[in-house]
Asker: 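Here it is, the structure, as structure tokens.
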2 protein chains.
Amino acid sequence: MNLRVGELARRSGLTVRTLHHYDSIGLLRPSARSEAGYRLYGRADIARLHQIQALRGLGVSLADIGAILDRPDLSLPHLVEQQIRLLDRQIAQQRLLRERLAQLHGQFRDGEEPALADWLTTLEMMTMYDRYFSPEELAALPFYQDGATKREEWTALAREAEALMRQSASPRSEAAQALARRWMCALERDTAANPAWLMKLNDMHAHEDSLQAQLGITSAIGAFIMTAFAESRLALYERYLSADEMTFMRGHYAQRMQAWPALLADLRQALDDGMAADSPQARQLAGRWLELLRGYAGDDPETHRKIRLAHEREPSLNEGTWTTPALLAYLGQAVATLQADAGR
Amino acid sequence: MNLRVGELARRSGLTVRTLHHYDSIGLLRPSARSEAGYRLYGRADIARLHQIQALRGLGVSLADIGAILDRPDLSLPHLVEQQIRLLDRQIAQQRLLRERLAQLHGQFRDGEEPALADWLTTLEMMTMYDRYFSPEELAALPFYQDGATKREEWTALAREAEALMRQSASPRSEAAQALARRWMCALERDTAANPAWLMKLNDMHAHEDSLQAQLGITSAIGAFIMTAFAESRLALYERYLSADEMTFMRGHYAQRMQAWPALLADLRQALDDGMAADSPQARQLAGRWLELLRGYAGDDPETHRKIRLAHEREPSLNEGTWTTPALLAYLGQAVATLQADAGR
DNA sequence: CTTGACCCTCACGCAACGTGAGGCCCGAGG
DNA sequence: CCTCGGGCCTCACGTTGCGTGAGGGTCAAG
């Protein structure tokens, strides 16, 4: 009733080499050898092999199988649970990867075959975004979703800005202001109008040189656009403010605008969290906003009133600013309660 | 602007060893070396590393990455599709495995911790079933679903049979007949009353010695039960048949019964496929049935009529036979059309 | 006596590094 | 000037589960 390796291999569906291997690592030693040194497997060996195969089918490592079979005090249920958890992790990982692949594939689905370099760039961008944004955020981030086309758009914008700068155009020129307005509106759109994402994007842009290289957006270009956008807004305020007021604002506006995104993001967070407009947190935000306002417009309540008037009359002042009517209303309420407090 | 390995490793999140490895396989050779032989990575090297990391994130092998980066004519989309397909296969496999593990784990969920041997046996049985049944079948097969408890039930039945045989009890004894009826009903239930699965189970039982060993069902026991079951049915026919007819049937019935499962499985298949009762296929099946009938009951139509009468009057003749009213009606129709044909 | 099918024992190869071992390089501090 | 610590270098073996020869016995059949 003893089988030789070849026979056992055929019956078990394994290879001879595999049985040799099991022998050499001590997992399944044939209980006998023929005079010529042939391995002879008995009933018990075959039974053990069956168990080995069963455990292997569960993905258990040969070392673990050996341990289990040789020390029957080990808990199989524990191991099974472990295996299940391991599998769950692996499956989740692979699903994530699959999604990313599908995403990459989808970016170029329509249209003709793009160059390898394009693919690689897209891929690189995607992995970069992966480091800065969560999967849920990525799912809603236009920059990520339409990577390839967005890249084209933005390199084009960057080229326009660069051209203006090469001509030594002033940020106050109408061309620069128009470009800045388009720029900011595009940015607002491509960050899904989410100020928090704008901040992450800025962060990413600051830290990743290769991103700057890809899009061709240098810090000089960034500064130029910021200034031009500030000028564009100042031009709108001009009709409502005195010459002195304008001089003051010109000196501080572009500077102070840097703090906007963070404040906006916090405001939006508070709003989304359902924080009441008269809650301490909301008041604190309103305080920050007032400070910002005073920073670029001075302390005169009259100036502030004029600015409010400008915003009522010039709806385009809200374009490219990541604000929504709801957000502005919330801010307005918070400021009002804060000032009512101060008035008491 | 040249980085040394350690620096690059920190920036890229890889290990020094990994960069060494990439160097040694030619995937990323630093573009320069210092006088002391230190690796110096330039901008281009860093860019290449970014691409490598991106592709690695997709699960591409280092060899493939090298090929892609060095021969830009290769199609990345093709590779991506390949990766997706690969992943899909892996995910499907792992899900299957996960299910099996959960199944195994579930078998012992309730009650106290069973012995390792029990787990291993259950596991072995499960892998054995896996070889004979498809995943869908397994999901509905009681033998598989309640492996551990079924195993207990059947070893108990086998022990009863063995006890009877040890007492040299006749298969004609009432005890043997009662056991055989219980046996067949249990078998019918545990194969979900599916004759095709009964056949697979028989097949499995014939080929897998370890199954026989586990359940303790030897071929002698099988034969004993078969004979006893035949006797049990013959006893019911006896009231309707003459002594001569009974003698003939006693000589052939147990023999011919072997062919039942196959015919039943084919009938059920035809019924499930919506094959009309007067289709050639159905007639052929009816022909096989008639042949079977003549094989154990002889050619006399009068005998056949008596047998039909017995079946009408003794509903227990249908117990443990994997038949359903629908199936019997279908068979009846097919036989009727066949005989009508023959009569013309 | 030869042939062909089995069997044996090394021993390298695979993928992507981890982990030392033994030794050179280099700037800072005594 | 010496030394110390940290970084760098080049081997080279280990990991997992076998595949794939190479070189050489064994055994029954022709």
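Computed from a prediction, not measured in an experiment: that's the story for all the values here. So you know, we letter chains A, B, ... as the sequences are listed, proteins then strands, and number each from 1.
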Asker: Do R10(B) and E7(B) sit within salt-bridge range, that is, some charged N less than 4.0 Å from a carboxylate O?
Answerer: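 Looking at R10(B) and E7(B), the cut-off is met.
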
Asker: When all nucleic acid strands are considered with a 4.0 Å heavy-atom cut-off, which category describes R10(B): base, sugar-phosphate, or nothing?
Answerer: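 Nothing, no nucleic acid heavy atom in range.
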
Asker: At less than 4.0 Å, is any side-chain N or O atom of T18(A) found next to OP1 or OP2 of dG17(D)? Yes or no.
Answerer: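 Indeed not, no polar side-chain atom of T18(A) lies that close.
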
Asker: Calculate, to the nearest 0.5 Å, the distance between atoms CG and CG belonging to L201(B) and L141(B) respectively.
Answerer: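 Going from CG on L201(B) over to CG on L141(B), the span is 7.0 Å.
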
Asker: Which of the following nucleotides, dC8(D), dC17(C), dC27(D), is nearest to the side chain of L62(B)?
Answerer: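 Nearest to the side chain of L62(B) among the choices is dC17(C).
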
Asker: Please figure out whether R56(B) or V16(A) has its closest DNA chain C nucleotide nearer the 5' end.
Answerer: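 Looking at DNA chain C, the more 5' nearest nucleotide goes with V16(A).
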
Asker: Can you tell me if the side-chain N/O atoms of R4(B) get under 4.0 Å from OP1 or OP2 in dG6(D)?
Answerer: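 So the side chain of R4(B) is outside the cut-off, no N or O lying under 4.0 Å from OP1 or OP2 of dG6(D).
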
Asker: With rounding to the nearest 0.5 Å, note down the distance linking OG in S24(A) to CZ in R17(A).
Answerer: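 Those atoms lie 6.5 Å apart.
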
Asker: Which value, rounded to the nearest 0.5 Å, describes the distance between T191(A) atom OG1 and K200(A) atom NZ?
Answerer: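 T191(A) OG1 to K200(A) NZ: 12.5 Å, rounded to 0.5 Å.
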
Asker: On the nucleotide dC9(D), are OP1 or OP2 found under 4.0 Å from the side-chain N or O atoms that R39(B) carries?
Answerer: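 Yes, R39(B) has a side-chain N/O under 4.0 Å of OP1/OP2 on dC9(D).
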
Asker: Between L19(B) (CG) and dC9(D) (P), how many Å, whole number?
Answerer: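 For the pair L19(B) CG and dC9(D) P, the rounded distance is 10 Å.
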
Asker: S34(B) near the nucleic acid: base, sugar-phosphate alone, or nothing, with a heavy-atom cut-off under 4.0 Å?
Answerer: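 Result for S34(B) = nothing.
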
Asker: Between dG17(D) and Y22(A), counting only base atoms on the nucleotide and side-chain atoms on the residue, is there a donor-acceptor pair under 3.5 Å?
Answerer: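 No.
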
Asker: Using a cut-off of less than 4.0 Å, is there contact between a side-chain N or O of S61(A) and OP1 or OP2 of dT16(D)?
Answerer: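 Answer no for this pair, as no side-chain N or O of S61(A) is under 4.0 Å from OP1 or OP2.
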
Asker: Can you tell me if H20(B) touches the phosphate of dC9(D), counting only side-chain N or O atoms and a distance under 4.0 Å to OP1 or OP2?
Answerer: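 So the side chain of H20(B) is within the cut-off, an N or O lying under 4.0 Å from OP1 or OP2 of dC9(D).
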
Asker: When you check the phosphate oxygens OP1 and OP2 of dC13(D), does a side-chain N or O of R17(B) lie under 4.0 Å from one of them?
Answerer: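 Indeed not, no polar side-chain atom of R17(B) lies that close.
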
